[in-house]
Amino acid sequence: MEYNFTQIEKKWQDFWEENKTFKTTKDTSKPKYYALDMFPYPSGAGLHVGHPEGYTASDIISRYKRMKGYNVLHPMGWDAFGLPAEQYAIQTGTHPAITTKKNCDNFRRQIKALGLSYDWDREINTTDPKYYKWTQWIFSRLYNTWFDQDMQKGRPIDELPIPAEVEAKGKEAVREYVDEKRLAYYDDAQVWWCNHCKIVCANEEVLNDGSHEKCGTKEVVRKNLKQWMLRIPQYGERLIKGLDGLDWPEGVKDMQRNWIGKSTGAEVDFQLDGVDEKLTVYTTRPDTLFGATYMVIAPEHPALDVIVTEDQSEKVNDYMRAAALKSDLDRTDLAKEKTGVFTGRYAINPINGEKIPVWVADYVLIGYGTGAIMAVPAHDTRDFEFAKEFDIPVICILDPADATDEDSRAQVLAGDACWTEDGAYINSANADNGLDINGMNKADGIKTVIDWLGENKLGKATVNYKLRDWLFSRQRYWGEPFPIIHWEDGEVSIVEDENLPLVLPDMEKYEPGNSGESPLANAEEWLYVTDENGRKGRRETNTMPQWAGSCWYYLRYIDPTNDDAPFDSVQENYWMPIDLYIGGAEHAVLHLLYSRFWHKVLFDLGVVSTDEPYQKLYNQGMILAFAYENASGGKVPSDQVREEEGKFFHKETGEELKQIVAKMSKSLKNVVNPDDVTANYGADSLRLYEMFMGPLDATKPWAENGVKGVFGFLTRVHRFFANMDNIVEGEEDKEVLKLLHQTIQKVEGDINNLRFNTGISAMMIFLNLATKKGKVTKETAETFAQLLAPYAPHLGEELWELYGHSDTITYEPWPEVNESYIKEDTHNYPVQFNGKVRFQKEFAVDADRKAMEAAVLADERAAKWTEGKNVVKVIIVPKKIINIVVK
RNA sequence: GCCUCUGUGGCGGAAUUGGUAGACGCGCUGGAUUCAAAAUCCAGUUCUCGCAAGGGAGUGGGGGUUCGAUUCCCCCCGGAGGCACCA
């Protein structure tokens, strides 16, 4: 009897489909489990072996939870807006919706072939107007929400208090005031523009080398365009705090914290000399004010005109012009050499009345803090470099007394080295105003100075975030249209909920305009609107970025066909939060941060019931492939490689090659297609191998032989367990029973800890014993089928049916561990002498210590190690080890 | 430079709270089966000395704590990912 996986898998996939085996009910009486995969962008290339890794993991959990009696929500859908379909449309004229549908169909086919237990009745697609109606609806909520800093909460815009002085200025002023508070706003923004894609990119889509993440070209330039922005930094504090209660990988939490980049410090006002103007700086080290020897403002700083003096204006103007031509990137690239120009102006240090020069330099960024800094070269490395470059005095005010060696300390004190750590202040007192922090440490110094600044109205404690407003529009066709109308009188209005969705118009051409206009600007019938008063308006032609649809899709799965609301709130209340979210680490920051932001806004508005969406997050590791290189490091395509006795040779030249691990790539000819694996070994083998390769979160190389290995296992499982001659009635063998229950325990524990590789190994060990014994009872065989089913569901079902069951194994209760079978009466103790194992000796688990000690020492094998030596100590750890210390 | 993770046989990887390092799988070696091969089954497989019994070394390197360290602490080296003039 052969393991005909093709037939078995087809049979059960059809069965599941016909019987809607995995349909999730609305029964809220059972405990729930929401297992979510990051939904894919359905690319034309189809599935790669990386996809099934996370999908299989969450599928095993889902199947296990069903057997444990949970109501499980395990859905799949498509993040289907995106550039490739639109590029294809530009080239061929094919509507992106057609390409998208084709790709979704292909992805669905491939995913179904893996035997994943999704409830396909809940499939969603971000490009479906019935879906993006609610994406637009949420955008409306963002538009109509402001963030109340005092309450740390988003609130409806009509609850925004309007200050009397604004009210007094009239309607226009009020509107302006309100618009400035909305979480979504429309404004000029300096944006990155990719000349190749003809699209605006978010800062984070421009890579460090200046190339565009999506297309890889370096045709990214700065442009000023009207854009939609979201005020995500207002939620900075909430986004940081919320991380604390989440079961996420620490690294991902850290990355989000760093990205949000909260810093606490103070704003300090400096009076400028000779003009009636103040310059406000942001600093995290107000304690070092006594050491400030100059100031720097960013080249784009608006006060620069007032600050620069007549005789310096030419130099400064040249510098500003040069800086404007540089991108942020060029600025950081040239980080090694600091540039700058003296403005000719001096400012008064508020702490001691000293005059210090104001410079302009591009190492200060306009977008962070106040765009101006006080420079303390003795205690800031960047300022130190600048001061050395331009011969500006360095005054040490923090003595690293106990923290470093005498040489280094002397250098710091002399201003020849920079010290950013803690110490004791020197030169930090002013008798005139009573401020004296000499001798204090850093923490006390900061606090004392901030208090002093506050009392004297010269500054205040401030919090800053690196996180910037989120650029939320793209000049594209294939995205959600903004439900926004720009009226001829300058008013902006949002389309009422009852008129959503605002559907994308059909078009003939998808070419974006060169000037940054979206293709929608050419959809004239769609574009222009007139209200009941005859006022003319023009629809927003930007569309939303791909992030939009993925920011809330997990909520739509809860109630995917609801036309009256994004989802039913009773169901939402039941299903949220997501119990397990599995996906790639590449989404550690952007998707997860954006989506948490939206979720918090919805929470504040009472739309959702939890503050955080994803309770537990897990990142599957990347799957790499073996590749080959010759002695000189040249890569050799895999089809040119011959393997012999574990060594690798070039087929033509015979040269010996080194096996390395690299990303799968067409050029290396080492790309693995899941369809091929399924065809050759079956979906159960693919699933099992992906789980057996190693820990789920590890990066690991694909090895064809490994697939053969697990295929062999499944073949042996089938050969043994599907052969009814081996399945007998009667009492089970003690040894088999013991191992069976150990296996249940191991497999279950490993599922709960997402350590699938060792769970599989436990099943292999059990099969090895069963095969050796030659027979097992039916009860044992059924239990084994249940353990196997979450991993290899097709074979699990097949065996289950073979044992006489007519219904699916999916909802059979998970086997219980019977401790009495596992309990050991005796333990075979390793006996160590000075930490080295010399022999084994068996004792009862509850044996008396003294008796054990005597018995071990009396053992003839012990004599060799105790002879001529004194037994100093005997350590006995019950059920673990015996160690005898001799001297 | 900073943050996070990581380093174990020929390979992928196992080792509860510190307690027999190398489970399980691949590969390799030998054997059975076969006319032969594939497939399958059985045995062996960290390195090293030894015919063997039995020693010795060993988890990137160096130190430390401990009766005992892959596990805990310190320093160094290598690999992956992220951030990078954020004052």
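Convention: sequence-line order gives letters A, B, ...; per-chain numbering from 1.
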Member of A:T280, A:L458, A:L289 meeting the side-chain contact (heavy atoms from CB on, under 4.5 Å) criterion with A:F270: A:L289

Any residue meeting side-chain hydrogen bond (donor to acceptor under 3.5 Å, both in side chains) with A:R231, in chain and number order, not counting sequence neighbours: none

Separation between the P atoms of B:G18 and B:U66, rounded to whole Å: 16 Å

Distance between C1' atoms of B:G30 and B:C24 (Å, rounded): 22 Å

Euclidean distance for P, B:A53 against B:U40 (whole angstrom): 32 Å

B:A32 to B:A14 separation - P atoms, rounded to the nearest Å: 37 Å

Separation of the P atoms in B:C72 and B:G19, to the nearest angstrom: 11 Å

N/O contacts under 3.5 Å, protein versus nucleotides 69-80 of chain B?
none

Donor + acceptor pair across side chains of A:D750, A:T758 (<3.5 Å): yes

Where at least one partner belongs to residues 828-841 of chain A, residue pairs that pass salt bridge (charged side-chain N to carboxylate O under 4.0 Å, His left out), sequence neighbours excluded: A:K841-A:D859

Sugar-phosphate only, base, or nothing, as touched by A:I765 at under 4.0 Å among non-hydrogen atoms: sugar-phosphate

Sugar-phosphate only, base, or nothing, as touched by A:N834 at under 4.0 Å among non-hydrogen atoms: nothing

Sorted by number, the residues of residues 879-887 of chain A with heavy-atom contact under 4.0 Å to RNA chain B: A:K880, A:I881, A:N883, A:V885

A:Y294 ring center near A:F386 ring center (under 6.0 Å): yes

Sugar-phosphate only, base, or nothing, as touched by A:N757 at under 4.0 Å among non-hydrogen atoms: sugar-phosphate

hbond_proxy A:K338 side chain to B:C85 base (donor-acceptor, 3.5 Å cutoff): yes

Polar contact flag, side-chain donor to acceptor under 3.5 angstrom, A:T826-A:E842: yes

Test side-chain hydrogen bond (donor to acceptor under 3.5 Å, both in side chains) applied to A:Y282 - qualifying residues, sequence neighbours left out: A:S263

A:V856 and A:V874, any side-chain heavy atoms less than 4.5 Å apart: no

B:U20 base / A:Q832 side chain donor-acceptor hit below 3.5 Å: no

Please list, for nucleotides 56-59 of chain B, all pairs of protein and nucleotide N/O atoms separated by less than 3.5 Å.
| from | atom 1 | to | atom 2 | distance (Å) |
| --- | --- | --- | --- | --- |
| B:G56 | OP2 | A:R838 | NH1 | 3.2 |
| B:A57 | OP2 | A:K836 | NZ | 3.4 |

